[in-house]
J.: 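This is the structure, below, for whatever I ask next.
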Amino acid sequence: MSKAAKNERYARQISLKELGEAGQDKLKNAKVLIIGAGGLGCPAMMYLAGAGIGNLGIVDFDLVRLSNLHRQILFSVNDIGQSKAKRAAEVLKQINPDIEIHVFNEELSNSNALNILSDFDIILDGTDNFSSRYLINDACVLLNKTLVYGAISRFEGQLAVFNSTKSSPEDRVNYRDLFPLAPADHEVLNCAEAGVIGVLPGIIGTMMANETIKLITGIGEALINRLLTYNSLNNHFFELELTPRAETNKMIPKGISEFESFSYKAFCRINSTFDLSYENFEPMIKNGNIQIIDVRESGEAPDIEHINHINIPLSKLKEQIPEIDAKTIVLLCQTGKRSTVAAEILSQHYGKSRKIFSLKDGIAAWQKENN
Amino acid sequence: MKVELTLFGQLADIAGRTKFQLQDIPDTDTLQKKIHEMYPEMANMSYSIAVNKKTIHENTVFEGDANVALLPPFSGG
């Protein structure tokens, strides 16, 4: 492309004296990987593509769904059912055809992560689950890559720059210094279960792009070894300093083979003692003498009319525990997370006077098996 | 000694408030014990603790009034 066209495309940012032509060249030479083309990833990669990051990588194995469109702003109704990573790349190419985009239409795992990450300088974590977050963190530590972290829950977001190569090795902080152990699966709800307003990942994802541009160009102060939280309900920002934890190093796999054999899914999934598999659940339905309780909110699909059950949404169960006569109670929800919480609530109330179960992996997994 | 607590995410949902004060708390271990008594659900949750806007990893004695933040991990994206 001619210099004149390049100058026109980036004119408004090159004219920032802090950035200038030199900063634009740094952006052009940068290699940035965005993991997760979701609520955080979409706005982040749109701004990074617009800013002229020379090499952008996109990792996502998922397909676009209607329920994504309120926050995953790269996609439209025509994209439903298509690969997020491929569609994102196509849209970004329209925003800026002068950059290179690498599509990784696959699930990030410990067998492909080191290979994918090694070609990039800065990694953005916009994933939606803990096993990916620990995996990405550990890979960044092993490969000495700067990690721009963003995460959201309901109306709040977190933002940080971990493992910055600009920080001396002894001061360098990573995700495990902040959260050494993954929470139990049912402790934290994901966006599908807890809900999210589309604007919040828009704000946090945009801030992730801003941190990335600052890191590349050297402008301002990136959130290196600091965590910023944002509450979209009251507009409160809270910033804190992150300090290294002595035990963190021991927890991170030491080399490639240790990393590749570490089970991140097992590390993030502490099995609940209430878990009931659908294989064991089906004969229990036939035998009767059990009370089945659907703890999803009213109107959640799919309905389970074919089995005898009652509906008590988890939110109601927290307020008032109903009297249940049956000696065996089976709780179910979409994925098994809320039903585990419900099982704990009932178990505290009934003690050992009832047998309380939660359908493992929920109605979603059970239905998948039956189809 | 006065401790001003700031809660985030689900911890704030459980407590029904984002800020409150506690008196006569000498250190972070005592503080945790106290809030787990007040909100038993929190005892089973993982969260990070920051004293005066700096994360801590072991029991920390308060030298005067302190601001303490409790931050749970978020996974959403």
Side-chain angles (χ1 to χ4, degrees), chain A residues 35-36 38-41 125-133 150-158 173 175 177-184 187-192 194-196 200-201 204-205 226-227 229 231 233-234 236 238-248 268 341 344-345 348, chain B residues 2-22 25 27-29 31-32 35-77:
Chain A
I35 307 172
L40 295 168
D125 178 359
T127 59
D128 62 358
N129 63 84
F130 285 112
S131 58
S132 298
R133 291 191 179 280
I152 52 169
S153 177
R154 288 169 45 78
F155 297 102
E156 286 175 65
Q158 295 174 341
V173 167
Y175 185 60
D177 288 301
L178 179 61
F179 299 118
L181 292 172
E187 234 181 79
V188 181
L189 303 173
N190 62 28
C191 287
V196 64
L200 177 67
I204 302 296
R226 290 182 292 154
L227 179 82
T229 72
N231 183 323
L233 291 180
N234 56 22
H236 287 176
F238 187 87
E239 194 184 318
L240 56 102
E241 189 186 334
L242 302 174
T243 54
R245 186 186 290 266
E247 303 81 36
T248 297
C268 293
V341 176
E344 275 171 7
I345 293 171
Q348 278 172 15
Chain B
K2 191 174 70 186
V3 174
E4 168 103 18
L5 267 163
T6 308
L7 305 179
F8 293 89
Q10 278 191 289
L11 298 171
D13 294 341
I14 291 168
R17 48 190 173 167
T18 56
K19 275 181 193 288
F20 62 94
Q21 284 185 3
L22 291 172
I25 306 281
D27 55 35
T28 51
D29 278 1
L31 176 71
Q32 276 190 285
I35 55 168
H36 294 170
E37 276 166 24
M38 293 168 70
Y39 306 107
E41 267 184 87
M42 290 187 194
N44 299 319
M45 293 181 65
S46 17
Y47 55 85
S48 199
I49 304 174
V51 175
N52 297 330
K53 299 201 165 184
K54 199 168 175 175
T55 53
I56 56 138
H57 310 298
E58 54 195 23
N59 186 33
T60 301
V61 175
F62 299 128
E63 293 161 6
D65 293 350
N67 289 297
V68 176
L70 306 182
L71 302 113
F74 294 165
S75 68

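Predicted model, so just to flag it, every value in this text is computed and none were measured. All chains are named by letter (A, B, ...) in the order of the sequence lines, taking the proteins before the strands, and each is independently numbered beginning at 1.
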J.: Ignoring hydrogens, what is the shortest heavy-atom contact between B/Phe74 and A/Tyr175? Give both atom names and the distance.
T.: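 That closest heavy-atom pairing would be O-OH, 4.4 Å.
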J.: Among the options B/Leu71, B/Ile56, B/Thr6, pick out the one with the most heavy-atom pairs lying under 4.5 Å from chain A.
T.: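 Greatest number of close heavy-atom pairs with chain A: B/Leu71.
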J.: Can you tell me which of B/His57, B/Lys53, B/Glu58 forms the most heavy-atom pairs within a distance under 4.5 Å of chain A?
T.: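 So the answer, after comparing B/His57, B/Lys53, B/Glu58, is B/His57.
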J.: Is the backbone N or O of B/Pro72 less than 3.5 Å from a side-chain atom of A/Gln158, with the two atoms forming a donor-acceptor pair by type?
T.: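 The answer is yes, because a donor-acceptor pair under 3.5 Å joins these two groups.
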J.: Just jot down the side chain to side chain contact (heavy atoms under 4.5 Å, CB included) partners of A/Arg154, sequence neighbours excluded, or say none.
T.: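 If we apply the side chain to side chain contact (heavy atoms under 4.5 Å, CB included) test to A/Arg154, skipping adjacent residues, the hits are A/Ala194, B/Asp13.
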J.: Report which part of A/Leu227 has an atom under 4.5 Å of a heavy atom belonging to chain B: side chain, backbone, both, or neither.
T.: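 A/Leu227 touches chain B through side-chain heavy atoms alone.
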J.: Side chain, backbone, both or neither: which part of A/Asp125 has an atom under 4.5 Å from a heavy atom of chain B?
T.: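 Contact with chain B is absent: no heavy atom of A/Asp125 under 4.5 Å.
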J.: At a heavy-atom separation under 4.5 Å, does A/Thr243 approach chain B through its side chain, its backbone, both, or neither?
T.: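 Both the backbone and the side chain of A/Thr243 come within 4.5 Å of chain B.
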J.: Measure distances from A/Pro180 to the heavy atoms of chain B and classify the residue's part below 4.5 Å as side chain, backbone, both or neither.
T.: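 No part of it gets close to chain B.
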J.: Which heavy atom of A/Ile152 sits nearest a heavy atom of B/Gly77, and at what distance?
T.: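 Scanning both residues completely, I find the closest heavy atoms to be CG1-N, 3.8 Å.
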J.: Quick one: what part of A/Phe155 sits under 4.5 Å from any heavy atom of chain B, side chain, backbone, both or neither?
T.: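 Neither part, no heavy atoms under 4.5 Å.
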J.: Check each atom of A/Glu247 against the heavy atoms of chain B and say whether the ones under 4.5 Å are side chain, backbone, both or neither.
T.: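 The answer is neither part of A/Glu247.
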